[in-house]
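For reference, the structure is listed below as structure tokens.
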Amino acid sequence: MRELFPAKQVMGYFFSLLLTVIALAVYFVDMSYQVAMTILLVTAFVQAGVQLVVFMHAGESKDKWSIYTTVYYGVFIALVTIFGSLLTLIWGY
Amino acid sequence: MTKKLILFSSIFAFLIFLTGCQSLTVLDPKGPQAETTADVIMTSIWTMLIIVIVVFILLIVMLVKYRARNQADDYEPPYIKGNKWVEIICVGIPIIIVIFLSVITVKSTYEVEGKPKGYENDEPLVIYAASSNWKWHFSYPEENIETVNYVFIPTDRPIEFKLYAYGPIASFWVPQLAGQKYAMANMVNTLNLAATEPGEYMGRNASFTGEGFAEQTFNVTALPPADYQTWIEEIQATAEPLTEDKFNQLLEPGRLGQETYTGTHLEFSPPPTTHHGAKESDGTENTEQEMNDSMEDSMEN
Amino acid sequence: MKVDHSQPLEYSTEQNRLNILGFWIFLGAEIALFATLFASYFLLRNGTGSGPSDGEVFVIDTLMIQTFLLLTSSFTIGLGVHAMRLGRKTATINFFIVTLLLGLGFVGVEIYEFTQYIDEGLTLQTSGFSSALFTLLGTHGAHVTFGLFWGSFIIYQLITRGLTPETANKSFIFSLYWHFLDVVWIFIFSFVYLKGMI
Amino acid sequence: MEFFDRFAVPNPTFTIYASMVAIGLTMLAILVGITYFKKWGYLWREWLTTVDHKRIGIMYLISALLMLFRGGVDALMMRAQTAIPDNTFLNAQEYNEVFTTHGVVMILFMAMAFVMALMNFVTPLQIGARDVAFPRLNALSFWLYFMGAMLFNISFVIGGSPDSGWTSYFPLAGNEFSPSVGTNYYMLSIQIAGLGTLITGINFIVTILKMRAPGMTLMKMPMFTWSALITNLIIVFAFPVLTVALAMGTMDRLFGTHFFSIDNGGMDMLWANFFWVWGHPEVYILILPAFGIYSEIIPTFARRNLYGYKSMVISIVAISALSFLVWVHHFFTMGQGALVNSIFSISTMAIAVPTGVKIFNWLLTLWKGKIEFTTAMLYSVGFIPIFTIGGVTGVMLAMASADYQYHNTMFLVAHFHLVIIPGVVFAMIAGLFYWWPKMFGFMLNEKLGKASFWAIAVGVCLAFFPMFISGLDGQARRMYTYSESTGFGIWNMISFIGASMLAIGFILIVYNIYYSTRYASRDISSDPWNARSLEWATHSPVPDYNFAITPEVQSLEAFWDAKKKGHKLFKGNYKEIHMPNNSGVPFIMCCFFFLLGFALVFSMWVVAIIAAIGIFSCMAHRSLEQDHGHHISVEEITKTEEKLGGAKK
């Protein structure tokens, strides 16, 4: 039975719950917008990283390089699309 | 031989093009904004011409000199991997050209977006220009008159066109006075221009809006300030008042001639107050606003 | 078909390795897809027209339940893949079943949440904001729902065919998909809900 | 009766009715013909169910040529209408439909298909693979594209064509201003075809990354394969944006959402924004494979290696990243401040640097070469001067302040045609002539080919150079007519003459195909051009399994070095070859996609649900099916190789 619950994954799970609780603090604790956004940004990206590495085994095969390139490129495009659009349609006036 | 043909015909075409430049609408500016864009266009044409000529000459030399027919039968082309210096030149020169053009672009873009050069301290005349299918409505809030499909402006005074649309996105364009700007239904845009010479200028919508798009044009007449004043007074004395019903009739899709009214539609059909459809900032947008401000600050510094 | 026994079952054939890399690249495309949905949500957030705004409709309770369900399901499917690598067929199947049940719970809560929104006058057609919100959440929810069906097919194949290179490969790829949906949810949780409620 | 009213064309004219009859008769003739010659079985077994990348490539090719014809006729009609002032050949509505379909068909259904055709046929051969990574998905991609294209094309006779431009800007494309179903067709057909493209993207990335012949490291890949890899990378990240934008547009039109509406908080420019977030990378999706083709053809006929291979690779990688950073230059005039415009101006101009590097590398490849002017080479060197002019005018357009004057004018039209035609169309034709013997085992006629080059090259210049002038003189694009006093007449007349020459050039190509099919010699070697890359190391036409023995690569120009330095490509003996089975599922699934699209266009929900169930059933079938492919025995390989003229060394 024990072998079915490897420490790495159990730790990963508790860590992700912890990150969620920290993120929830922005709702329950009074703080400024900047601090809240910083917390959200950090917890979200760390959380994504935990999923990627601990649960999705992104780095385990020989195609590690291709997989990480794809993910980084995707994140790059995502950030460009989101912030570029915000800059163009909202911020840049 | 064959390449030469292309070369000569394109150079020939280009010469025709250059000689014709002076008479082309965009390159015949009658105000500071259009003058800036015309200068930028000509500078870029000359710069680009250098590149084109270099490429063409290189191409012709290569094609003529290394043609199989002009070489010995037993000639075996060598294996050439590439040369660091050649590549540095191939990258370096385009970078220099791009930097040069970037500087011009940034400078001129700020220039044409701002108040017209030479009129920075004058009080601008505000005219609302609204597009509807397939007409242009011009409202003079100060003078309290409205015209359709034509607009009179005084020379030597900055004009601020407030652009918006009833319906599809249109693009307000008076090539001899300034470049284009969009007129949209959920936001008001500002276009700055000034006319230095009296005259009649072609204006049109440049952005496709459907069936009547080709005819969605208007005339801009620039008059010396005194004549302009006379015109205003004449309209105020003679034109019919614009009622809401009448305005709604004008908005019906279709074509109209030039029309004139007293009063403006701004009272009963005000221009949009949103920013691309979004309500103007509430509390949470502060940071974005600040970010925007700080970015602008850093640009200015 | 050449089977390489030195590797886990899901990587053991060339086609399996191709499938896994292909799915990762598909996930790259999914990143771009959700990024576009996020971008449109951020841009339309203030386009509330005459309808309610985000702070007025979001509720923390359902959000916490949904997040807990999905995070836990991501954990259990991770355990499922682990069990699969140990060759424990029954454990694998059980973990997969638990995962799908948690996913079903998530979808149920989401549907309940949508009905609440509609009661408050926020429908797909209310405003730019509501359209973007429902589309972002709906696309994620549709992915989860699709996953429920897909997962059921895989469980069926695990039961009938056992742990073969093929079924192991499918299960592993399904787990990638499920984790990815969890990652997307984290971003929805942070930048749609929590950002909207502060 | 009311039910059928929706299928009526809203603005019928005699020509449309005549086309309906013509289309109906052609369809009937094809069906009767296939039945009469008892070809249904052949068609089904060899083509509709095929998963062979070569056959799929050929089907893409045929579709691309068909679409070229459709888009070309549209173009001719436009140029004929504007050739003289106040012309009444077409009315405004017809003209609007024609330029809309011209744009969509040429970009999405012609150029994309052409790119896919050559990529499908050539890439696996160049890397020494037996097929792509996911052969069945490849078939699915093709049929999605094909059904999308067909759905778009039937709009002409059922329900009416889209008429709000290939960019389909909202709110013009919204229900209020485009009440006919035309724009629904636009949204759904591009959605279906786009899905196919996305799948191709994934498929080819995996193929190129994982299925290269032993010894072929990334930096030993032929340039065309490199460009295919980068192109597909762009596809994978750009097409989802289009998918979302189209889905939103569809929802706005069918379900009354407010993404792009002008009331209730919708944002009309959001469509334009997303359209170009996809649209600009799309330009590079088209042009990078073309660059790859030139990088194959120029070294072959200059008889020299490609100059600066490494910098070529770096420049396409740079282009792929930059292509995502420039989209705002398509709407500099939206009213965003000078700051935003300056940023996007500079990023746009930056693309000129890697592009310039490529141009200079091609020129330097000619240096010290021994240049042979075949048709393929003519198109390749003809590309350089015309593309340079198209390219430098692109830099001019990138300058925001000047763009305020060029935007939406004929100047812009001239620019992008002078980039896309030499950049993409020339490359595709060059590639067609170059790889034709590999595809079909005979060569296209060189004399006719050269004649077509001259007609097309001169035609392009005549058709588009005058537009620079009329644009600067104030002619906006998409105007169905203009008055005589504007003075645009002469330029548009020259344009029309150029367009007619282009048409002659394309007719010559089609005639060439017919002529060569009938008369060309079948007795050619498998390497008629004395080429340099792996695809020429196998037989022409290529056997099912591509290579009897997987080649082993030692250098960048593997085949050339095998010929010149005696590297041995094929080591060892024949072994059993594992090949994928054919499958009818992709075709059937895409028929359901067609039905789904058609039902959604006309808001026929019951049909749409049935079609959707059909699609999911196909997916379920795929999930449960066990298909391990088949093996080709050693005897069969030996027999095939002998029939094709002996084993390859």
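Every chain is numbered from 1 and lettered A, B, ... according to where its sequence line falls, protein lines coming before strand lines. Reckoned from all heavy atoms, side chains included, excluding hydrogens, waters and symmetry mates.
Annotation: maximal heavy-atom pairing with chain A below 4.5 Å, among C:Ile31, C:Leu194, C:Val184, C:Val183, occurs at C:Leu194. With chain C as the partner, the residue from A:Gly84, A:Ala48, A:Gly12 showing the most heavy-atom pairs under 4.5 Å is A:Ala48. Note: A:Pro6 leads A:Pro6, A:Gly74, A:Ala78 in heavy-atom pairs under 4.5 Å with chain C. Counting heavy-atom pairs closer than 4.5 Å to chain C, the top residue among A:Val50, A:Ile77, A:Leu24, A:Leu19 is A:Leu24. The greatest number of non-hydrogen atom pairs below 4.5 Å with chain A, out of C:Phe38, C:Phe172, C:Phe34, is found for C:Phe172. Taking chain A as the reference chain and counting heavy-atom pairs below 4.5 Å, the highest number among C:Leu27, C:Ile20, C:Ile60 is found for C:Ile60.
Residue C:Leu86 touches chain A through its side chain alone, counting heavy-atom pairs closer than 4.5 Å. With a 4.5 angstrom heavy-atom cutoff, A:Leu79 does not touch chain C via any of its atoms. Looking at A:Val10, both its backbone and its side chain come within 4.5 Å of chain C, counting heavy atoms on both sides. If you measure heavy-atom distances from C:Leu176 to chain A, the contacts under 4.5 Å come from both the backbone and the side chain. Looking at A:Phe83, neither its backbone nor its side chain comes within 4.5 Å of chain C, counting heavy atoms on both sides.
The distance between the ring centers of C:Phe75 and A:Phe14 does not fall below 6.0 angstrom. With ring centers used as reference points, A:Phe45 lies under 6.0 Å from C:Phe187.
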I'd like a table of the N/O donor-acceptor pairs between chain A and chain C - cut-off under 3.5 Å, distance only.
| unit_1 | atom_1 | unit_2 | atom_2 | d |
| --- | --- | --- | --- | --- |
| A:Glu3 | O | C:His82 | NE2 | 2.9 |
| A:Glu3 | OE2 | C:Arg88 | NH1 | 2.1 |
| A:Tyr13 | OH | C:Thr72 | OG1 | 2.8 |
| A:Gln51 | OE1 | C:Ser74 | OG | 2.8 |
| A:Gln51 | NE2 | C:Asp182 | OD2 | 2.7 |
| A:Phe55 | O | C:His179 | NE2 | 3.4 |
| A:Glu60 | OE1 | C:Arg85 | NH1 | 3.0 |
| A:Glu60 | OE1 | C:Arg85 | NH2 | 3.3 |
| A:Glu60 | OE2 | C:Tyr11 | OH | 2.7 |
| A:Glu60 | OE2 | C:Arg85 | NH2 | 2.8 |

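Side-chain contact between C:Phe68 and A:Leu17 is present, with heavy atoms from C-beta onward closer than 4.5 Å. Looking at heavy atoms from C-beta onward, C:Leu43 lies in side-chain contact with A:Ile90 at the 4.5 angstrom threshold.
Remark: A:Leu40 CG to C:Ile186 CD1 distance equals 11.5 Å, nearest 0.5 Å.
By the side-chain contact (heavy atoms from CB on, under 4.5 Å) test, A:Met31 pairs with A:Val26, A:Val29, A:Val35, A:Ala36, A:Ile39, sequence neighbours left out.
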